[in-house]
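To start, the structure under review is shown below, and the notes come after it.
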Amino acid sequence: MIIRLRDTLGTTIVVVTHELASIFAIGTNSVFLDPETKTMRATGSPKRLLAESKDTKIIEFLTRGESNVNKSA
């Protein structure tokens, strides 16, 4: 529904979530905020960040609880 709404209206939709399925299904650009340093840790496509990031916190966030995450997804 969110993707259809985005495409129909031709607009940007902001979704705040920790749900991995939504991040990968909906997200075309993501911003990862670090509560400890109060900074933006990374930004970009969730799929690209998973495949290319060297940041362990980003990788841990994007793969938490997922033993079968395909990094080339």
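Note that the structure is a prediction, hence the values are computed from the model and not measured.
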Exercise. Got a second to check how far T56's OG1 is from I59's CD1, nearest 0.5 Å?
Worked result: 8.5 Å
Exercise. Rounded to the nearest 0.5 Å, what separation is found between the CD1 atom of I58 and the OG1 atom of T63?
Worked result: 11.0 Å
Exercise. With side chains defined as the heavy atoms from C-beta onward, is the minimum distance between T12 and R6 less than 4.5 Å?
Worked result: no
For this session: Please assess F61 against L50 for the test side chain to side chain contact (heavy atoms under 4.5 Å, CB included), listing each intermediate value before the final yes or no.
Result: CA-CA 9 Å; F61 180 85; L50 180 60; over 6 Å; no
Exercise. Any side-chain heavy-atom pair from T28 and S45 closer than 4.5 angstrom?
Worked result: no
Problem set entry | Spacing of L49 atom CG and R41 atom CZ [to the nearest 0.5 Å] | 12.0 Å
Seminar exercise, completed: CG (L5) and CD1 (I13) are apart, to the nearest 0.5 Å, by 4.5 Å
Exercise. Would you call E36 and K57 a salt bridge, using N to O less than 4.0 angstrom?
Worked result: yes
Exercise. Which pair of heavy atoms, one from G44 and one from S30, lies closest together, and at what distance?
Worked result: O-OG, 2.6 Å
Exercise. Taking atom CD1 of I3 and atom OG1 of T8, what is their separation to the nearest 0.5 Å?
Worked result: 11.5 Å
Exercise. How long is the span from the CG atom in N29 to the CZ atom in R48, to the nearest 0.5 Å?
Worked result: 8.5 Å
Seminar exercise, completed: Given the options T43, T39, D55, L62, F32 meets side chain to side chain contact (heavy atoms under 4.5 Å, CB included) only with L62
